Amino acid sequence: LKRIIFNGKVVLPDRTIEKGCVSIANGHISSVFDGEPNEELRSGWIDAKGGWITPGLTDIHTHGNGGYWGFFGADEILNMARAFVKIGVTSFLPATVSLPHNMVLCAIDAIKIAMSKQSGGTDYDRIHEKPAADGARVLGINLEGPFINPKRAGAHNPLAIREPQGKEVDEIIERAGSALRLLTVAPEIKGGMELIDRLVSSGILPSIGHSDATAEQTHEAIARGATHFTHLFNAVRVFHQREPGCAFAALIDPNINVELILDGKHVHIDVAKIAYKIKTAQKMILVSDSIHAAGMPDGDYNVWGFQVKVKDGICSLPDGTFAGSVLTLNTAVKNAIDYLGASPSDAFRMASINGLKELKYDDKLGSIEPGKIADIAVFDNEFNCISTLISGEIAYKS
Ligand SMILES: [Zn+2]
């Protein structure tokens, strides 16, 4: 089966074709070319109408979207996956929060069941034999907490925050198996550094976050393999010139990638610009950290037991603490271009292949290049999603 997406600005890893086409065969990108394709190839066409033809987005840190949660049960997660394709997201890691141990295990089970139910799946060698993917790919599990610092809890329930001890870590790793990809840890808590070692030896990426670590502790954690930072600047020790703390240590350490919630609310645009200048598009990953209210109207919502208010793009507890975001990743891309001055190639790199690279899927997904799996989003000029393809099949059309 052949398909052609035409009449759009094609975002490639290093440049943008002003008016080009992408052809797809057997679920993979077969070629990319300038201009209009010739008339006789016209079958199964998608007209981008002068908008953007881009790699599908990957959100490695999201708690919910479109009214659905990422850890409340397999059907809920699959509904979240279906909501995600409406904004051009083609793969994601559902993230938990700090929960009691039995609920962490339940969340792991739910995400694993959702993964096994997805027809699109991640058996990439047999993609051409499979039916169209039903929603964005669930790539694995992101555990945000509970092994974080209660001093930097953010909107996590302090009662559920604890030190990594006893059999909990063993049970989590055993239960999740290869599905567990990312785990946020505060390196300075008791057992934090040892947890980093344990995760690295199990092939799980430790992420520094919700942490009060000093610069020295942060550099040590990075050297031990914690090469990812959960929502840089949010819920961490604040900067002081004699003790910059973990966020600024991560900013200057070349061996760590950083997440950024680029909604213009979580991080001041000046600070986002500083981070972008230092880390560049190579080391920065745009995430939503969204709750289920993302893509929903303003109003009152219940977020893991807390009452929160969503108003004007901010989602907060009664005391003003931010409780996740209502950012969508297509808006984050637009913000990277509008506020940070990123090129389209760099903006999409930060919202697609950078996260996939950490998960070791970058050889198959995350960019528009011949041979890659055709996970593609088409946006209008305002970055509203027009259509989304997964393995070359239409998963969403506006
Ligand atoms: Zn989060």
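In what follows, every heavy atom counts, from backbone to side chain, and hydrogens, waters and symmetry copies are set aside. As the structure lists them, so they are numbered: ligands from 1, and atoms in each ligand from 1. Just so it is clear, the model here is predicted, and its values are computed rather than measured.
The atom of D289 nearest to the Zn ion (ligand 1) is OD1, with the search restricted to N, O or S atoms.
Taking the six-membered ring where the residue is Trp, H63 and F71 present perpendicular rings, their angle passing 60° and hence far from 30°. Ring-plane geometry between F383 and F348 is classed as tilted, the angle between the planes lying from 30 to 60 degrees on a 0 to 90 degree scale.
Metal site remark for the Zn ion (ligand 1): H231 contributes no N, O or S atom at a distance under 2.8 Å.
Atoms OE1 of E144 and NE2 of H63, as seen from the Zn ion (ligand 1), are separated by an angle of 90°, to the nearest 10°.
One distance of note links NE2 of H210 with CD of E144; it measures 4.0 Å at 0.5 Å rounding.
The closest donor-acceptor contact from the side chain of K265 to the backbone of L327 lies at 3.5 Å or more, if one exists at all.
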